[in-house]
Structure formats: structure tokens, C-alpha cells
A.B. asks: 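Dropping the structure in here first, questions after.
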Amino acid sequence: MEKVIAARNLTKEYDGLLAVDHVSFEVNRGEVFGFLGPNGAGKTSTIRMLVGLTEPSEGSALVAGYDIRKEIVEVKRRVGVVTETSNLYDELTAGENLLFASQLYNVPRNERPTRIKELLERFHLTDRRDTKFGKLSRGLKRRVVIAAALVHRPEIIFMDEPTTGLDVVSARSLRKYIEELQKEGTTVFLTTHYIEEADQLADRIALIVKGNIVTVDTPERIKDKVKGTPIVEAILSREPNKLMIKNLGELGSVDLDERRISITTGNVMVALESLIHLAKQEGLEVQHIQTQRPSLEDAFVELTGISAESMMSEKSRGRR
Amino acid sequence: MLMDELRGIYYILMKDLKAYYFKPPNISWGILFPLVLALAFSLRNPEGLIELAPGLVAMAAVFGTTSMEAIVITFERRTGALERLLLAPLSTHSILFAKVLGGAMFGGMISMAMTALAVIFFKMRVTNPLLFSITLCLTLLTLSALGALVAVSVKEVFEAQTLSNYFRFPMIFLSGVFIPVQSIPLPLRFVSYLLPLTYSVDALKGVTLHQTSIGWLMLDTAVLTLFFFGFMYASNAMLKRSLK
Ligand SMILES: Nc1ncnc2c1ncn2[C@@H]1O[C@H](COP(=O)(O)OP(=O)(O)O)[C@@H](O)[C@H]1O
Ligand SMILES: [Mg+2]
């Protein structure tokens, strides 16, 4: 697969503080790459190095085929950046901001009007075209910022916590736009501290903690790495007898709470089949049965040793 | 490559003029400031006004360039808008030069207004319009570059104002605006020669009041040019340092 970002030992030090500590990773063309970590993990510092807003203290990276240390202007031509804060010009309208972005990125003059029109339509901003940026709501501002980052059709778009500070509805609509971007083949480098968001959007996730990457993999495989094995849970018509519990106990550890039985097991299929078979033998009715996998949150906690509460959850939105 | 940079400079300049400088309150300030300045001096000191005229033009340039520009740069830094420019495929030199041009144009508008007032009411005579324009342009660019240096060296808008005053007031008193440099006591006069405005005032007087020889004027413009490049270089270095 073609790599559009390849970071090697990328390091950022601020007066003795190692914000990013020799990280190496690769991003494939067309994927959504999620950079997931708590506040202060080094996500923003990493993006800032990759897009030329700050110089690495050590290491380097190839972005869109160019070395960030030697050919940063070439990198800048090929990437779009959505920074943490919505930093367009309050004094200019949404349309004027997009026009200025297209001028800065040297979009051919005759293509500017159509591109701006397309972007306004696509982000449902057409009726806000002549509204001053400063007068827009947070959610709309984010959309204009993303539109501005796309005006030169970048190969890669970097988004630094795009949904942070947004209400649940705006965040959800923004995620739809991100999913659409990926469908069109744009590579998306996305940082977030919302575990659910990374799980939903990212093809691959890098877990970053204290400037170090703990693991890089697909959300599914990260979940698989967790030792906590799946759980088979059933509600029976009566409390099962001792013998049945003993038999099930050979498949994994069994928990019983009156009619609710749960088996933590390494082999879901065998557990399901045995449970149904034994229940039938004993003349018990299976009223409900389900299996659970460890969530990305469980995986995150196990891999990083950080409690999920210290990451912000979807529920705490808006309290920031 | 060069074309891309020039285009970028042009668009940033146009955006700044539109978003900040050419707003009605700024325009009216730009007209009122020289008017009040001219009026105040003509009431106080009706004699020898013509002697003061070139200095007043220089003073209008000082306040016109540094006042707004420092605010624009520090403000954009705080809001993160400056980062947008730094993300664009342009060199930091071009970004700074665009900012400097914005300040210089705004200062230019104010100094032109002052010049018009001085010609109409103080009977100032511009003996060499070409050299006058060159000197004024160089002065505006140099002072604007100094304003940029101040702005990139600080974080807050008010700090930029305070720091600019450290340069502005000594320039008003030591650069020959009111008091001829020759009559400034010797140790202080050395400071005068370290201030770019001294060379501006000298040259402006040379193309209005006196018939200074071309040689002297060339020296003044050369010194101003050196100051300009020095300030540009220093502000670029400061900006780069803040990206470290
Ligand atoms: N300009 C800076 N100067 C000093 N320390 C910084 C600077 N930027 C970030 N840091 C520190 O570096 C660490 C990583 O920050 P950051 O990259 O912003 O993390 P994240 O985006 O994951 O929240 C934090 O401890 C932060 O305080
Ligand atoms: Mg951050």
C-alpha cells in the first residue's frame, strides 16, 4: 500500500519536556488514521511538525513524498490543515474566507468560483456564504474551516480534534463529512481524545500516551489484543443446577446471578453451543442470549494503563 | 516560485487592507490624526511652521505605520489566524513583507494627508517630488519593518504598544522632528544616529526646506535601506524562533 506519511523518530522537546518522544508510524493513502490519546499526549505537537508549524527537535518525516525538514513548502502545497481552534478571519464572510484560502493556495483564478460554490454546497453553507465568520456558531465555523482546508484539493487533510467543543449534534454531522471525505479517497489524519470517535471513524488507530505510541493497528485488532476475552451472557427460565454450572465451567469462568449466567471464554462458538445444548438437556428455556467483545475502551485501558475516565467521553461534551 | 511568493504577498496585503486597515474608523483616524497634529502646531507656534513641516510628515509616518500594524500582527497571532498564513505554501519572508506593506500603505495614507496639509497651510514646498516620494516610501517601509519586529517579539497587543513607545518617543525627540539633531547634546546625539527616523527627517528636510546635495540624500536613503533589511531580517529570525 502506498504510504503518504512516514514518520521516523519524530521528536519534539520543549525546554526539557519530551512532548513527542521518537515516534515512528506510517499512514496509507486513502485511510483515516486516528491519533488517539489523552490531553497533553503530544497529538498537536505531532501535527504541527508534520505540517511545518514547528520544527522537529529530532527525526523527520516524509509527507506526500516530501521531507518536512527540507521541502516543507512542497508539503504545504499538498496538505490541508484544520487546527484545534477555528482560526479564519472573523471580519470576512464565509465566502471571502474561502476565496482567500484559494488565493493563498494558488488555485487557478477561473476555478475559484466553482470550487467555492461546490464546497459551500457540500458543507451546507450556501445560505451562510455572506455571513461574517465571527457571527457563525461553533459547529458552522468548524465546517467553514474544513471547507477552507479542502479548497486546494489536498492529498492529505490533518484535523486536530475537529469535534472537540462541539455539541453532540454538530459533532455527529461533522463525522459524516469526515466519512464522506474518506469515501472520496482523501487521506485523513485525525487526532481525538474521544475513544468512540476513533473507533467509528478510523481505519487504523495509533494510541499515543506521554509522547509515545503504544500501538498502531485497526480498531478491531486493537480490541483483539486485549487479554479480557469475550463474554457469553444468557438469561434462562430457571436457575441452572450445579452440574450444568460445573460443565460450563470447563469452557471458562462462570458467573451466576440467579437466572443470569455469564461465561468469560476464549471460544465463543463452543460456549454458545454448549450453553444451548445443556439448557435443552435440563429442560431450561434460553430467554435471551448475547455475546460481548471487549470494547476499544477496555483495550485502551489495558494497553495504556490510563483510566477511561481521564479521557473525555462523549457524555462530557460541551462541559469543556 | 518567485511568482507564487509575489502572488501570496499581494493576496495577504489585500486581505489585510480589507479586513483591518480600510475600515471607516481607521480611515477617519488616519485623516483626523494629521489634521489635529497640524492644527495643534499652527495654534501654538504660528512662526517657523515651515521648519516643522517635514518633521510632522515623518511623525505621521511613525504613528501611521506602527500603530495599526503591531495590533494586526499581535491580534492575528492571538487568534491563530497568523498560523493560517504560516500553513500556506509561502516563505516567512513573504508573509512578513506582506504585513509590512500593509502597515506602510496605511502609514502612507496618513503621511500623504499630512503632506497635503503641510503644503496647503504651512506653505511647505516639495522641491524634488521624486526624491520626496522615494524617501517617504523608504521611511514607511523601514518604520513598518520596525513595527513588525516589535510585534513578533511580544505576545500581547498591549505589550506591542508599550514596546513601540520605547522607540516612538525617543524618535520624536531625538530624530530632529522638533529639535534639530545638531543642537542635541553630544552623548544623546549618538543615540540620534542610531534611530532610522533621523535619516528620514534629514532627507525629508533636504527635499523640502533646503537644497541638500544628492550625495547626502543618497547616504540617507542607503542608511534607511540598511535599517529596512536589518529589521526585516531580525523579524524573520524572531518569527522563525517562535516556530522552534
Ligand atoms: N509551545 C509549547 N511550549 C511548551 N510546552 C508545550 C508547547 N506545546 C505543547 N507543550 C506541552 O507538550 C505536551 C504535549 O502537548 P500537545 O502536543 O498539545 O498534546 P495534545 O495535543 O495531545 O493535547 C504537553 O505537556 C504540553 O503542555
Ligand atoms: Mg491538542
Side-chain angles (χ1 to χ4, degrees), chain A residues 12-15 44 47-57 64 66 71-93 96-109 112 132-134 141 144-145 148-149 151-152 154 157-158 160, chain B residues 1-27 68 71-99 102 106 152 157 236-244:
Chain A
K12 186 71 200 180
E13 192 184 327
Y14 302 107
D15 318 305
T44 300
I47 286 197
R48 291 175 67 84
M49 287 189 277
L50 293 177
V51 302
L53 280 180
T54 188
E55 285 171 19
S57 315
Y66 293 90
E71 300 149 305
I72 193 64
V73 174
E74 293 306 316
V75 172
K76 286 176 178 177
R77 279 185 219 286
R78 289 165 178 80
V79 305
V81 185
V82 176
T83 48
E84 259 177 309
T85 46
S86 294
N87 56 358
L88 290 174
Y89 299 94
D90 284 353
E91 296 296 313
L92 305 183
T93 66
E96 287 167 344
N97 268 300
L98 294 184
L99 178 65
F100 180 54
S102 72
Q103 293 167 337
L104 272 186
Y105 284 90
N106 212 356
V107 174
R109 185 186 292 270
R112 287 176 201 157
K132 290 244 161 84
F133 182 75
K141 277 186 181 173
V144 184
V145 173
V151 79
H152 57 297
I157 179 163
F158 289 86
D160 199 359
Chain B
M1 285 308 273
L2 180 65
M3 274 314 288
D4 288 350
E5 301 283 326
L6 290 178
R7 214 176 287 135
I9 292 170
Y10 170 76
Y11 288 125
I12 295 174
L13 174 64
M14 286 303 137
K15 190 271 299 164
D16 278 1
L17 294 183
K18 180 169 186 180
Y20 308 114
Y21 291 105
F22 291 150
K23 294 257 150 183
N26 294 330
I27 303 270
M68 275 294 286
I71 296 175
V72 168
I73 295 179
T74 41
F75 174 78
E76 286 204 347
R77 244 189 165 189
R78 283 211 68 76
T79 61
L82 192 65
E83 275 190 356
R84 289 208 80 75
L85 305 181
L86 295 170
L87 284 170
L90 287 173
S91 72
T92 47
H93 286 288
S94 298
I95 295 168
L96 276 169
F97 187 56
K99 295 282 164 202
F106 187 67
V152 295
V157 176
N236 191 59
M238 289 300 288
L239 185 63
K240 282 252 163 135
R241 213 180 71 168
S242 71
L243 299 180
K244 273 263 164 8

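Numbered from 1 within each chain, the chains take letters A, B, ... in sequence-line order. All of these numbers come straight from a predicted model, not from anything done at the bench.
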A.B. asks: Compare all side-chain heavy atoms of B:I12 with those of A:F100 and state whether any distance is below 4.5 angstrom.
C.D. replies: yes
A.B. asks: Do the non-hydrogen side-chain atoms of A:N106 and B:Y11 ever get within less than 4.5 Å of each other?
C.D. replies: no
A.B. asks: Out of A:T85, A:L88, A:L53, return the one with the most heavy atom pairs under 4.5 angstrom to chain B.
C.D. replies: A:L53
A.B. asks: Quick check against the 3.5 Å criterion: does A:N87 have a side-chain atom that pairs as donor or acceptor with the backbone of B:G80?
C.D. replies: yes
A.B. asks: Considering only heavy atoms from C-beta outward, does the side chain of B:L87 approach that of A:K76 to under 4.5 Å?
C.D. replies: no
A.B. asks: Side chain from CB out, backbone as N, CA, C, O: work out which of these in B:R84 comes under 4.5 Å of a heavy atom of chain A, or both, or neither.
C.D. replies: both
A.B. asks: Most heavy-atom pairs under 4.5 angstrom with chain B, which of A:E74, A:R112, A:H152, A:M49?
C.D. replies: A:R112
A.B. asks: Can you tell which of B:L82, B:L86, B:L90 has the highest number of heavy-atom pairs within less than 4.5 Å of chain A?
C.D. replies: B:L86
A.B. asks: Does a salt bridge link A:E96 with B:K18, judged by any charged N lying under 4.0 Å from a carboxylate O?
C.D. replies: yes
A.B. asks: Using 0.5 Å steps for rounding, measure from the CE atom of B:M14 to the CG atom of A:L99.
C.D. replies: 13.0 Å
A.B. asks: At a 4.5 Å cut-off on heavy atoms, which part of B:Y20 comes close to chain A: side chain, backbone, both, or neither?
C.D. replies: side chain
A.B. asks: Within a radius of less than 6.0 Å around NZ of B:K23, do more than 12 heavy atoms belonging to other residues, nucleotides or ligands occur?
C.D. replies: yes
A.B. asks: Check whether more than 12 heavy atoms from other residues, nucleotides or ligands sit under 6.0 Å from atom OH of A:Y14, and answer yes or no.
C.D. replies: yes
A.B. asks: Any side-chain heavy atom of B:R7 within less than 4.5 Å of one from A:L104?
C.D. replies: no
A.B. asks: Among A:R48, A:R77, A:E55, single out the residue with the greatest number of heavy-atom pairs under 4.5 Å to chain B.
C.D. replies: A:R77
A.B. asks: Is the closest basic N to carboxylate O distance between A:E91 and B:K15 below 4.0 Å?
C.D. replies: no
A.B. asks: Give, as side chain, backbone, both or neither, the part of A:T83 having an atom under 4.5 angstrom from any heavy atom of chain B.
C.D. replies: side chain
A.B. asks: Does any backbone or side-chain atom of A:R78 lie under 4.5 Å from a heavy atom of chain B? Answer side chain, backbone, both or neither.
C.D. replies: neither
A.B. asks: Roughly how far, to the nearest 0.5 Å, is the OG atom of B:S91 from the CD1 atom of A:I72?
C.D. replies: 13.5 Å
